[in-house]
Amino acid sequence: MPSYEFLCGKCRKEVLLTLTIGERERGEYTCPACGGKELQPLMGSFFSKTSRKS
Ligand SMILES: [Zn+2]
């Protein structure tokens with residue numbers, strides 16, 4: 001299973017979660033540190049910005 005890095009918007013910790021595709025698409029993941037659901041993916045958001053060159 002792939003692992004994803006997230007930044008928790010609640011406790012501001014970077015966490016690494018192993019998710020199935022379905023779990024990730026449905027947002028069925030929580031911060032292991034605080035149990036919050038305000039997780040922002042760290043990778044992915046980086047890649048999507050590379051096309052925006054000034
Ligand atoms: Zn947290």
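Note that the numbering runs from 1 along the sequence shown for the chain. All ligand and atom numbering here is 1-based and tracks the order in the structure.
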Practice item. Test side-chain contact (heavy atoms from CB on, under 4.5 Å) on V15 and E5 and set out the steps. Key: CA-CA 6 Å; V15 295; E5 273 190 296; over 6 Å; no

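With F6 as reference, L17 is the one residue of L16, L17, L42 to meet the side chain to side chain contact (heavy atoms under 4.5 Å, CB included) rule.
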Donor-acceptor list for residues 28-41 side chains, cut-off 3.5 Å, not counting sequence neighbours:
from	atom 1	to	atom 2	distance (Å)
E28	OE1	R26	NH2	3.4
E28	OE2	R26	NE	3.0

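Excluding waters, the protein N/O/S atoms found under 2.8 Å from the Zn ion (ligand 1) are C8 SG, C11 SG, C31 SG, C34 SG.
In this structure, the separation between CD on E23 and OG1 on T18 is 9.5 Å, given to the nearest 0.5 Å.
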